[in-house]
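What you see is a predicted model, and the numbers here were worked out from it, not measured in a lab.
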Amino acid sequence: MKLAATVLGLVGLVVSGNAVLAQTLTADDVKWINQCIVDNRGGASNPIIRKYCFCMNERMGSNESRSITEWEKANPAARTACDRESGWK
């Protein structure tokens, strides 16, 4: 049920906030963002995790084959910037 709520939340964000995003989200982006949210569950509140995952996804190249969780480990500067931007403490 929580996963369904997360997916619906992401769809709502995409529909309502698409103009705010720097890049258009693809189905692949949504898949990676959802996995990032699952990977980080419990580390912060859901809105902060969602912001963090969107931020990390935007910083990644569109041809990136690694998950957000894998990519963040190799890019600590991006992780730190997205921590700050999302309000993760």
Side-chain angles (χ1 to χ4, degrees):
M1 185 66 181
K2 286 185 179 183
L3 181 59
T6 301
V7 170
L8 286 174
L10 283 173
V11 169
L13 281 174
V14 170
V15 171
S16 66
N18 201 23
V20 176
L21 296 175
Q23 63 188 29
T24 302
L25 289 178
T26 65
D28 195 48
D29 291 327
V30 172
K31 178 186 89 167
W32 288 122
I33 291 168
N34 283 337
Q35 185 59 51
C36 175
I37 290 169
V38 169
D39 291 346
N40 288 287
R41 184 168 287 145
S45 69
N46 288 339
I48 288 175
I49 293 171
R50 193 175 309 114
K51 282 182 185 178
Y52 173 81
C53 293
F54 268 91
C55 177
M56 290 298 289
N57 185 68
E58 285 191 357
R59 291 176 184 269
M60 293 172 64
S62 58
N63 293 324
E64 182 61 57
S65 61
R66 293 177 288 179
S67 70
I68 293 172
T69 302
E70 293 169 331
W71 188 82
E72 72 184 351
K73 293 174 185 171
N75 296 277
R79 183 176 60 213
T80 300
C82 287
D83 282 347
R84 214 172 307 128
E85 188 175 312
S86 68
W88 198 310
K89 296 184 183 200

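A side-chain donor-acceptor contact under 3.5 Å links D29 and T26.
Scored by the salt bridge (Lys or Arg N to Asp or Glu O under 4.0 Å) test, D39 finds no partners at all (sequence neighbours excluded). With sequence neighbours left out, W88 forms a ring pair (Phe, Tyr, Trp, His ring centres under 6.0 Å) with Y52.
Contact between A78 and M56 at its shortest, heavy atoms only, is O-SD, 3.7 Å. Shortest non-hydrogen contact noted between C53 and I37 is SG-N, 3.5 Å.
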### Query
For K51 and I48, what are the C-alpha separation, side-chain angles and deciding distance, and is it a side-chain contact (heavy atoms from CB on, under 4.5 Å)?
CA-CA 5 Å; K51 282 182 185 178; I48 288 175; 5.7 Å; no
### Task
Check the pair R59, W71 against side-chain contact (heavy atoms from CB on, under 4.5 Å), reporting the backbone distance first and the verdict last.
CA-CA 10 Å; R59 291 176 184 269; W71 188 82; 3.9 Å; yes
### Test log, rule side-chain contact (heavy atoms from CB on, under 4.5 Å), inputs E85 and E58
CA-CA 12 Å; E85 188 175 312; E58 285 191 357; 5.7 Å; no
### Query
Stepwise, does the side-chain contact (heavy atoms from CB on, under 4.5 Å) test hold for M60 with I68?
CA-CA 8 Å; M60 293 172 64; I68 293 172; 3.5 Å; yes
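Atom CD of E70 and atom OG of S65 lie 8.0 Å apart (nearest 0.5 Å).
Applying side-chain contact (heavy atoms from CB on, under 4.5 Å) to I33 and the options I49, V38, L25 leaves one that passes, L25.
Of the possible polar contacts, none joining the N57 side chain to the F54 backbone as a donor-acceptor pair under 3.5 Å is found.
Each disulfide bond (SG atoms under 2.5 Å apart) pair with one or both residues in residues 58-89, not counting sequence neighbours, appears once here: C55-C82.
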